[in-house]
There are 2 protein chains.
Amino acid sequence: MLLAEDDIHLGELIVHLLKKKGVEHVDWVQEGEDAYDYALASFYDVIILDWMLPNGDGVSVCQRLRKNGYHGAILMLTAKDAVQDRVEGLEAGADDYLVKPFEIDELMARLKALSRRTFAPIQEEIVRWGAFEVNRTSHTLMKNGQQIILTPREFQLLDLLLQNRGRVLTRDIILDRIWGYDADVSMKTIDATVKLLRKKIGDEQQQLIKTVRGVGYTIEK
Amino acid sequence: MLLAEDDIHLGELIVHLLKKKGVEHVDWVQEGEDAYDYALASFYDVIILDWMLPNGDGVSVCQRLRKNGYHGAILMLTAKDAVQDRVEGLEAGADDYLVKPFEIDELMARLKALSRRTFAPIQEEIVRWGAFEVNRTSHTLMKNGQQIILTPREFQLLDLLLQNRGRVLTRDIILDRIWGYDADVSMKTIDATVKLLRKKIGDEQQQLIKTVRGVGYTIEK
DNA sequence: TATCAATATGACAAGTTTGTGAAAAAGGTT
DNA sequence: AACCTTTTTCACAAACTTGTCATATTGATA
């Protein structure tokens, strides 16, 4: 899930509550352009988009996202309650909106309703990578037509690396994204998971997942 | 599209405007029970449901519809604007709500947003699947011409998995879709039902219904 | 090349998830 | 009420995952 909200306090609160409610993965950006870039770079089921953002307002971000093929749900946050504004938001491609100030229960209820609705028309997402084919909907990995069964952690790690191909992910970031910022595990756990993943995909030579000494891990472009 | 609204004037107005806007087919009922019966009898993309209806109020109709497998969109009309009421509506399984009095433009915008989100592949009445033939109207299952009798729960589960072939369904989603958002049953119930279904279709080896550890269940494409 | 920190490796224990069968609970029918 | 079917729960077993640790290996640097 992606949250685009420039108010630091509200942003922190929402992220905190979402995690508490069991939302696996929340990214938070504070500017319109960032929201746009993140949304098209990664894959989000739902985007919570503030109406007013510095550097690219919510409505135009929403419009451009729809134009460029983003098919997940979009929930707009707005301080305006005029009918015309609501209509404008929905016309821009938002699926729902919530007027500030709102209660967190209502946000949760709306998110739930949205993802219930979003669930069906979600696009197949298949990432091809050399001899591999990663299917994010079926949670499967194929190598030359042969299925490789990954554990959840292994799949998360591969997915994360693949989403960031060409970029080196530091251990800090990996820990943050997979185990969560408040996880209580040692860095060694990452190395161990990398090891397991490498073994499963037959990468003992570290040709596929590269170690960048002193920095982290990467899958090259 | 189904409209459940007891106010004659408002009902006529909405039907009129919907037709004018090009909505092909609008059914209009004025009582809760009728709404319930109509909705389960035919297939509607969207149901517009007034919160207060004679003979079965909107919230309970909504709840029962979800419980009994209605998966289209539901838009609630309400005169109430308290946060708690809104949450109640969404919790009951509505996808959206609109507070009266509203402008027709907003209704149209919301309906548009809803049907964009709802758009689902047309449901086949008879689904063929290997040696099996599933009839979704008569709720029967044939294997090589031999009938296998499934209980309602078993059938719902098979149907849900089959509708989502190639996708892994998490326990959360299965619970939501079969038992309903507010079901008071443990996750183990799902496992138990899977077990029963597997036994009936002769899938003790889990070749047909696969377990994706840590994620959920799936029928492969 | 010697040294040191970073990373890899494999084994293990603890923790989770799923399978299984029996039994209880809930409904429906006669 | 007695009977039947379906649904749900429960307890335990089995299978699998995960994180940690001790130790080995590697690579950078002096």
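In the text below, chain A, chain B and the rest are named by the order of the sequence lines, each starting its count at 1. Worth knowing before you read on, the calculation uses all heavy atoms, side chains too, and leaves out hydrogens, waters and symmetry mates.
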If the cut-off is 4.0 Å, is [X] near the phosphate of [N], judged by side-chain N/O to OP1 or OP2?
X	N	result
Thr189(A)	dT20(D)	yes
Tyr217(B)	dT17(C)	no
Thr211(B)	dG19(C)	yes
Arg171(A)	dT7(C)	yes
Thr151(B)	dT5(D)	no
Trp179(A)	dG19(D)	yes
Arg153(B)	dT8(D)	yes

Worksheet item: Is it true that atom CD of Glu220(A) has more than 12 heavy atoms of other residues, nucleotides or ligands lying nearer than 6.0 Å?
Response: no
So how far is it from [X] [atom1] to [Y] [atom2], rounded to the nearest 0.5 Å?
X	Y	atom1	atom2	answer
Ile219(B)	Leu157(B)	CD1	CG	8.0 Å
Leu161(B)	Asp159(B)	CG	CG	9.0 Å
Thr193(B)	Lys188(B)	OG1	NZ	11.0 Å
Ile14(B)	Leu107(B)	CD1	CG	6.0 Å
Gln147(A)	Asn135(A)	CD	CG	9.5 Å

Atom-pair distance ([atom1] on [X]; [atom2] on [N]), nearest Å:
X	N	atom1	atom2	result
Lys200(A)	dC16(D)	NZ	P	10 Å
Leu196(B)	dT5(D)	CG	P	15 Å
Asp191(B)	dT9(D)	CG	C1'	12 Å
Leu150(B)	dT5(D)	CG	P	16 Å
Met187(B)	dT8(D)	CE	P	14 Å
Asp203(A)	dA8(C)	CG	P	11 Å
Ile190(A)	dT18(D)	CD1	P	14 Å
Lys210(A)	dA8(C)	NZ	C1'	17 Å

Going by the rule side-chain hydrogen bond (donor to acceptor under 3.5 Å, both in side chains), which residues pair with [X] if we only count those two or more places apart in sequence or in a different chain?
X	value
Glu133(A)	Arg128(A)
Thr170(B)	none
Glu31(A)	Asn55(A)

Worksheet item: Checking all strands, does Phe155(A) fall into the base, sugar-phosphate, or nothing category for heavy-atom contacts under 4.0 angstrom?
Response: nothing
Worksheet item: Heavy atoms under 4.0 Å, any strand shown: does Gln206(B) hit a base, just sugar-phosphate, or nothing?
Response: sugar-phosphate
Item to complete: Step by step, work out the salt bridge (Lys or Arg N to Asp or Glu O under 4.0 Å) result for Glu154(B) and Lys200(B).
Response: CA-CA 9 Å; Glu154(B) 289 160 2; Lys200(B) 282 214 181 149; 2.9 Å; yes
Practice prompt. For the pair Arg64(B) and Glu33(B), find out whether any cationic side-chain nitrogen is under 4.0 Å from an anionic carboxylate oxygen.
Written response: yes
Worksheet item: Is Lys210(A) salt-bridged to Asp203(A), going by a charged N under 4.0 Å from an acidic O?
Response: no
Please enumerate all protein N or O atoms sitting under 3.5 Å from an N or O of nucleotides 21-27 of chain C, with distances to 0.1 Å.
residue, atom, partner, partner atom, Å
dG21(C), OP2, Lys195(B), NZ, 3.3

Practice prompt. Would you mind building the protein contact string for nucleotides 23-30 of chain D? One character per nucleotide, 5' to 3', B for base within reach (heavy atoms under 4.0 Å), S for sugar-phosphate only, - for untouched.
Written response: ---BB---
Worksheet entry | Residue whose closest nucleotide on DNA chain D lies nearer the 5' end, Thr193(A) versus Ser186(B) | Ser186(B)
Discussion item. Which residue in the set Leu169(A), Ile174(A), Asn164(A) passes side chain to side chain contact (heavy atoms under 4.5 Å, CB included) when paired with Tyr217(A)?
Written reply: Ile174(A)
Practice prompt. Just report the end-to-end axis angle for the helix from dT1(C)-dA30(D) to dT30(C)-dA1(D), five pairs per end, to 10 degrees.
Written response: 30°
